[in-house]
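Before any comments, here is the structure.
Here, residue 1 is the first one in the sequence, and each next residue gets the next number.
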Amino acid sequence: MDTTYTPEFMSLNPTTGLWPASKFGEDVIIGVIDTGIWPESPSFSDHGMMYTSKLPSKWKGTCQEGQDFNSSLCNSKLIGARYFDKGVKAANPNVTLTMNSARDTQGHGTHTSSTAAGNYVEGASYFGYANGVARGMAPRARVAMYKVIWDEGRYASDVLAGMDQAVADGVDIISISMGFDEVPLYEDPVAIASFGAMEKGILVSSSAGNVGLRGGPLHNGIPWVLTVAAGNFDRTYAASLTLGDNKEKEQHVIVGRSMFPLNAWVKDETLIYNKTLSKCDSLKLLSEAPPRGIIVCDDTGFLDDQMDVIDSVTNLAGAIFASTDPSRFDLESMSCPGVLISTTELDTVIDYIKSSDNPTATIKFQQTVTGKEVASSVADYTSRGPSPNCPAVLKPDVMAPGSLVLASWIPNGYTATVGTNTLLSSEGFHLISGTSMACPHASGVAALLRGAHREWSHAAIRSAMMTTANELDSSMMAIKDVGRNFTAASPLAMGAGHVVPNKAMDPGLVYDAAPQDYVSLLCSMNFTRNQIMTITRSNGYDCSESSSLDLNYPSFVAFYDKNVTTGVMLTHRFRRVVTNVGGAGARYEVKVVAPEGVKVTVWPKSLAFEKKNEQRDYNVEIVYPSDGKGRVLYGSIVWVEESGKHAVRSPIVVAPTSAGK
């Protein structure tokens, strides 16, 4: 079993598809903007690399020396490391930085860079969970780290400087798992720096943020970057609960969720259940309970509070927790020897206790289960669209695995607790969740696509990932949104859907865009000339060419004011240009899945291409009502090749102007 598992989950295969086509990302350079890196991690060893000495000729970077970091720590995998501290020092003139070098003190940058492009590491695990061989999405790509986040803070000037340097050094892809909330494009260092990267053909892959449905909008809703949402996948971390001892004729085994970090068994312990104690909300009562045993906790709806109480009880052998839907909980830790089961399974446990004179159970930890649950689903914590600083472009773009991802970690960082004791990473790996983890998955896929298609633009790579993304889960049903009680997810949560790397290698058609296209978009946003020049940092663009909010993008979004009288019909028109990157003599027919109550007209209804790289344009008209309920409606436009080889899908969203707020 592969510990990171997500490459397998995303159908990457060492013998066919995007991995071998891209030579596993060989000689593609991923610049990571983050908290630094732990260079001694085996994920950044150049062992087994086909190129052990010669670096790409375009590479102009360096391995900057600093505190506890010398240039010999770089190699053919980690080819560059720099740090940017002028901002943090200017803001704090008397500061003494805890680690004034590219070395990571937080773990975040080590985790993201190894997820994107870590080398193969055998025997990786998180305290026995997810044991196996770790590797990044582009395991033969090069890594360059640009440290811009410090224990003492993060400052826009450092982020801008780090990204600009990555561009100057010659990276192919920039991966940035952070963002600046609710700032206009002309004040956002990520937007400003990524515009310069885009001009050089560099794709910037960014995280959408982790505020979920709590009210804040996503960040990095920037038209010229790839914005990545986070999804759950079908790997869970488990413990087996066996009812009865080995003397009984029949033993019932329940597999529940757990992240208890010790290689231990709770063996043949008495099960404790009564209505008073099993609320698991009273430290005093539980401390006075029988001296040993496994407490069985009722589902009170306050799982976190119950766990906190159990953590403080010293006379219990273990605990059983319950929830109507355990899959809602991505347990990132469990400091007591406990297991989470469903309420249906809890009923089985209680029935056993009532029917037995001596009810006992055994709990075995450190188990990993894959392929048993429907996947993917939208993680509840992922930030939602639309983009607050450019709502005319639908964001996020795609979804990638983000929940409980295993990747490298700093060895001196605490990663688990047992009771009140904290534990260091036993194997140098950690399981954590966030769009920060989803972003480097997409960055790695983008690096693979760059390796397979050196001629593609940044927009072509993004388009390929979007139009081939999957909106269905493993049961062939619509992807569900955990944050919305497992209802069907809208593109405001998952973008075009979950990334499918092998399909993205051969998308058929792509939606391309050049720097002037983005400037025309900016010109239509009522920005001043100075504000636009702050973003472009150039006098070479102006607004004399036609300005339009209608960017040539692989998605469509139309807004309405829910306070306008219900039933008022609105019209929004779009024009798109597609480029044939498939074979010659291709012909496509349009298939429209219109949102409920919305009329979508596309013309022409067919597109014919005589040769590769030929372009064709089409028009879309969306006629839709102002919905007083403020509903988000969605559908799609799919261009289907007559041969059936390609299906180029773009999501449609009709939403109130208040969506995402």
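- Counting only distance, with no hydrogens or angles, the side chain of Thr227 and the backbone of Ala208 share no donor-acceptor pair below 3.5 Å.
- Side-chain contact between Met178 and His108: absent, with no pair of heavy atoms (C-beta onward) separated by less than 4.5 Å.
- Considering only heavy atoms from C-beta on, Phe44 comes within 4.5 Å of Thr110 through its side chain.
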Step by step, would you call Ser443 with Ser175 a side-chain hydrogen bond (donor to acceptor under 3.5 Å, both in side chains)?
-> CA-CA 6 Å; Ser443 306; Ser175 183; 2.7 Å; yes
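- Between the side chain of Asn210 and the main chain of Thr435, a donor-acceptor pair closer than 3.5 Å is present.
- Using a 4.5 Å heavy-atom threshold, the side chains of Trp59 and Asp169 count as touching.
- Atom OG of Ser524 sits about 7.5 Å away from atom CG of Leu522, to the nearest 0.5 Å.
- No side-chain donor from either of Trp38 and Ser408 sits under 3.5 Å from a side-chain acceptor of the other.
- By the 4.0 Å N-to-carboxylate-O rule, Asp158 lies too far from Lys86 to be salt-bridged with it.
- Counting heavy atoms from C-beta on, the side chains of His453 and Ser22 never come closer than 4.5 Å.
- Donor-acceptor pairing under 3.5 Å is recorded for the side chains of Asp397 and Tyr553.
- Thr6 OG1 to Leu404 CG: the interatomic distance, rounded to the nearest 0.5 Å, is 12.0 Å.
- Taking the six-membered ring for Trp and the full ring otherwise, the centers of Phe9 and His498 sit less than 6.0 Å from each other.
- Closest of all the heavy-atom pairs between Leu213 and Gly483 is CD1-O, 3.1 Å.
- Here the side chains of His111 and Val405 are in contact, with some heavy-atom distance below 4.5 Å.
- Under a 3.5 Å cut-off, the side chain of Arg450 and the backbone N or O of Trp456 do form a donor-acceptor pair.
- For Gln516 against Asp542, the heavy-atom pair with the smallest separation is NE2-O, 3.6 Å.
- For His219 and Phe180, the gap between ring centers reaches or exceeds 6.0 Å.
- Between Ala229 and Met494 the shortest heavy-atom distance is CB-CA, 4.4 Å.
- In the displayed structure, Glu122 atom CD is contacted under 6.0 Å by at most 12 heavy atoms of other residues, nucleotides or ligands.
- Between the side chain of Ser463 and the main chain of Ala459, no donor-acceptor pair closer than 3.5 Å is present.
- Phe559 approaches Pro391 most closely through the heavy-atom pair CE1-O, 3.2 Å.
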Criterion side chain to side chain contact (heavy atoms under 4.5 Å, CB included) on Tyr381 and Val482, from CA distance to verdict | CA-CA 9 Å; Tyr381 55 78; Val482 176; over 6 Å; no
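- A donor-acceptor contact shorter than 3.5 Å is absent between the side chain of Lys200 and the backbone of Val171.
- Under the 3.5 Å distance criterion, with hydrogens and angles disregarded, a donor-acceptor pair is assigned to the side chains of Ser403 and Asn232.
- The heavy-atom pair separating Ala460 from Asp512 by the smallest distance is N-OD1, 4.1 Å.
- Taking the side chain as every heavy atom from C-beta outward, Asp151 and Thr35 never approach each other to under 4.5 Å.
- The side chain to side chain contact (heavy atoms under 4.5 Å, CB included) with Val183 is formed by just one residue from the set Asn389, Asp188, Val190; it is Asp188.
- At distances below 3.5 Å, not a single donor-acceptor pair connects side-chain atoms of Gln64 with backbone N or O atoms of Arg82.
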Decide side chain to side chain contact (heavy atoms under 4.5 Å, CB included) for Leu549 and Leu521; before the verdict, give the C-alpha distance in whole Å, the side-chain angles of both, and the deciding distance to 0.1 Å.
-> CA-CA 5 Å; Leu549 285 171; Leu521 173 69; 3.9 Å; yes
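- When the shell of 6.0 Å around CG of Asn421 is examined, it contains more than 12 heavy atoms from other residues, nucleotides or ligands.
- Counting only distance, with no hydrogens or angles, the side chain of Lys77 and the backbone of Gly118 share no donor-acceptor pair below 3.5 Å.
- A 4.5 Å side-chain heavy-atom check between Ser206 and Ile222 finds every atom pair outside the cut-off.
- Rounded to the nearest 0.5 angstrom, Ser114 OG and Phe429 CZ are separated by 6.5 Å.
- A donor-acceptor pair is defined here as one N or O able to donate and one able to accept, closer than 3.5 Å; no such pair exists between the side chain of Asp34 and the backbone of Ser177.
- The backbone N or O of Val28 sits nowhere less than 3.5 Å from a side-chain atom of Asp172 that would complete a donor-acceptor pair.
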Audit row: Thr467, Val510, side chain to side chain contact (heavy atoms under 4.5 Å, CB included) steps and yes/no = CA-CA 8 Å; Thr467 61; Val510 296; over 6 Å; no
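- Within the 3.5 Å criterion, the main-chain N or O of Met99 finds no donor-acceptor partner in the side chain of Trp150.
- Here the side chains of Ile535 and Phe527 are in contact, with some heavy-atom distance below 4.5 Å.
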Apply the test side chain to side chain contact (heavy atoms under 4.5 Å, CB included) to residues Met145 and Asp104: give CA-CA distance (whole Å), side-chain angles for both, the deciding distance (0.1 Å), then the verdict.
-> CA-CA 10 Å; Met145 172 54 66; Asp104 190 2; over 6 Å; no
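- Considering Tyr511, Phe195, Tyr518 as possible partners of His458, the one that fulfils the ring pair (Phe, Tyr, Trp, His ring centres under 6.0 Å) test is Tyr518.
- Atom CD1 of Ile37 sits about 7.0 Å away from atom CZ of Phe69, to the nearest 0.5 Å.
- By the disulfide bond (SG atoms under 2.5 Å apart) test, Cys390 pairs with no residue at all, sequence neighbours left out.
- Between Ala193 and Leu160 the shortest heavy-atom distance is CB-CD1, 3.6 Å.
- In this structure, CD on Gln165 lies 6.5 Å from OH on Tyr146, to the nearest 0.5 angstrom.
- The CG atom of Asp550 lies 11.0 Å from the OG atom of Ser520; values are rounded to the nearest 0.5 Å.
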